[in-house]
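Down below is the structure, laid out as structure tokens.
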Amino acid sequence: MTGVLSSELLKIRSVRSTTYVLLALALMLLTGAVVSYLMTSDWDVASPERQQRFDRADPGVVVVPFGQFCLGALGALAVTSEYGSGMIRTALVSVPRRGTFLLAKIVVVGAVSLVVAALVVAGSFAAGELITGDRPKPISAYDSVGEALPILLSDTASMVLLALVGLGLGFLLRSTAGALVTLCALLFVLPVVTLLLPPPWNERAYSVMLPNLAPQLSGAVSEAPLSPPGAALVMLAYLVVTLGAGAVALLRRDA
């Protein structure tokens, strides 16, 4: 198993798509910091009445949704790049036990995405704190690290979840385009569609969409439809469904 894990780690490090995803995340982190700086500069010259109408200058508002998509793409490309190049046949000959192959993919993608997500979320938080300094709310997102910690952990968990969902979609669809389109639908299209439903179904459906699970998991949303344990169960359901479907496709279909 150690050799399979080393092989999968080498694959994810060597493909160019991983470098592009990391560069895109770095660029978005810089963009979020610039937005936070501009908001803070505007807040400094605003009247007290106008200052109270500002939203928080938190780079994470920009960075986390984009990071979810990027890590979802990273998870999908960990599989679809092999199917696209035909190297999946060589990989399955080298590791004939497909369950072991799947488990190695899950462990490596999960570990890599956890490290990347933690760095992105921590970097976003640090940038926001450095830019807003000792300014009060609402321009400052948090009063303390303790207040921010549940949200930071939830954002990290949501990004890791998307990476594993992308991995499952990659095994299921075996197509980079198909997996990316599905990720876009799950993250950006379906949440908007659910808002068009009649009440109270719109609020209920919207609460279980992927972009809305992290705030509910952290408990930061007052009167949220889902409790933190409920949000965790929904996240687990996404994981089980996508990875389960991917596992069935891997085990029952030819390469």
Side-chain angles (χ1 to χ4, degrees), residues 21-22 24-72 110 112-163 187-188 191 203 206-236 238:
V21 167
L22 295 178
L25 285 170
L27 180 60
M28 185 51 60
L29 185 58
L30 177 61
T31 302
V34 170
V35 171
S36 178
Y37 173 78
L38 293 175
M39 289 180 64
T40 304
S41 298
D42 195 19
W43 187 89
D44 286 338
V45 298
S47 64
E49 294 78 12
R50 186 163 169 261
Q51 285 179 343
Q52 294 305 312
R53 296 195 295 270
F54 270 70
D55 199 358
R56 57 181 185 169
D58 181 10
V61 175
V62 177
V63 175
V64 171
F66 186 78
Q68 290 175 338
F69 175 75
C70 282
L71 287 186
V112 170
S113 63
L114 176 60
V115 172
V116 173
L119 289 175
V120 169
V121 170
S124 177
F125 169 73
E129 291 298 296
L130 286 173
I131 291 169
T132 57
D134 57 356
R135 295 173 180 83
K137 288 184 176 181
I139 196 65
S140 178
Y142 311 104
D143 289 329
S144 65
V145 176
E147 179 187 356
L149 189 59
I151 298 175
L152 301 181
L153 293 176
S154 298
D155 286 342
T156 302
S158 71
M159 293 172 70
V160 175
L161 170 67
L162 260 297
L187 284 170
F188 308 122
E203 182 179 353
Y206 188 69
S207 68
V208 299
M209 294 292 102
L210 281 170
N212 306 314
L213 294 175
Q216 296 176 98
L217 179 65
S218 69
V221 180
S222 59
E223 299 182 1
L226 295 176
S227 64
L233 287 175
V234 174
M235 294 173 78
L236 181 62
Y238 274 105

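- Thr156 places a side-chain N or O within donor-acceptor distance of the main-chain N or O of Leu152, the cut-off being under 3.5 Å.
- Residue Thr132 comes nearest to Ser140 through the heavy atom pair OG1-OG, 4.0 Å, listed as atom of the first residue, atom of the second, then distance.
- Here Asp44 pairs with Arg135 under the salt bridge (Lys or Arg N to Asp or Glu O under 4.0 Å) rule; sequence neighbours left out.
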List the atom pairs, with distances to 0.1 Å, where a side-chain N or O of residues 208-219 and a protein N or O form a donor-acceptor pair under 3.5 Å, not counting sequence neighbours.
unit_1	atom_1	unit_2	atom_2	d
Asn212	ND2	Tyr206	O	2.6
Gln216	OE1	Leu226	N	3.1
Gln216	NE2	Ser207	O	2.7
Gln216	NE2	Asn212	O	2.8
Ser218	OG	Pro215	O	2.8
Ser218	OG	Ala220	N	3.2

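- You'll find the side chain of Leu187 reaches within 4.5 Å of the side chain of Leu162, heavy atoms only.
- Checked against ring pair (Phe, Tyr, Trp, His ring centres under 6.0 Å), Phe125 has the following partners two or more places apart in sequence or in another chain: Tyr142.
- When the salt bridge (Lys or Arg N to Asp or Glu O under 4.0 Å) test is applied to Glu147, the partners found at least two apart in sequence or on another chain are Lys137.
- Rounding to the nearest 0.5 Å places CE of Met235 at 5.5 Å from OG of Ser158.
- Inter-residue side-chain proximity for Val116 and Leu71 is flagged as met; some heavy-atom pair is nearer than 4.5 Å.
- Listed by chain and number, the residues in a salt bridge (Lys or Arg N to Asp or Glu O under 4.0 Å) with Asp155 amount to none (sequence neighbours excluded).
- Within the 4.5 Å cutoff, no side-chain heavy atoms of Ile139 are placed close to those of Arg56.
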Which side-chain N or O atoms in residues 28-40 pair as donor and acceptor under 3.5 Å with protein atoms at least two apart or in another chain?
unit_1	atom_1	unit_2	atom_2	d
Thr31	OG1	Leu27	O	2.9
Ser36	OG	Ala57	O	2.8
Thr40	OG1	Ser36	O	2.8

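- The shortest heavy-atom contact between Met159 and Ala117 is CB-CB, 3.7 Å.
- Side-chain atoms of Ser154 come within 3.5 Å of backbone N or O of Pro150 as a donor-acceptor pair.
- Checked by atom type and distance alone, the side chain of Gln51 pairs as donor or acceptor with a backbone atom of Trp43 at under 3.5 Å.
- Side chains of Ser124 and Val62 form no contact here, defined as non-hydrogen atoms less than 4.5 Å apart.
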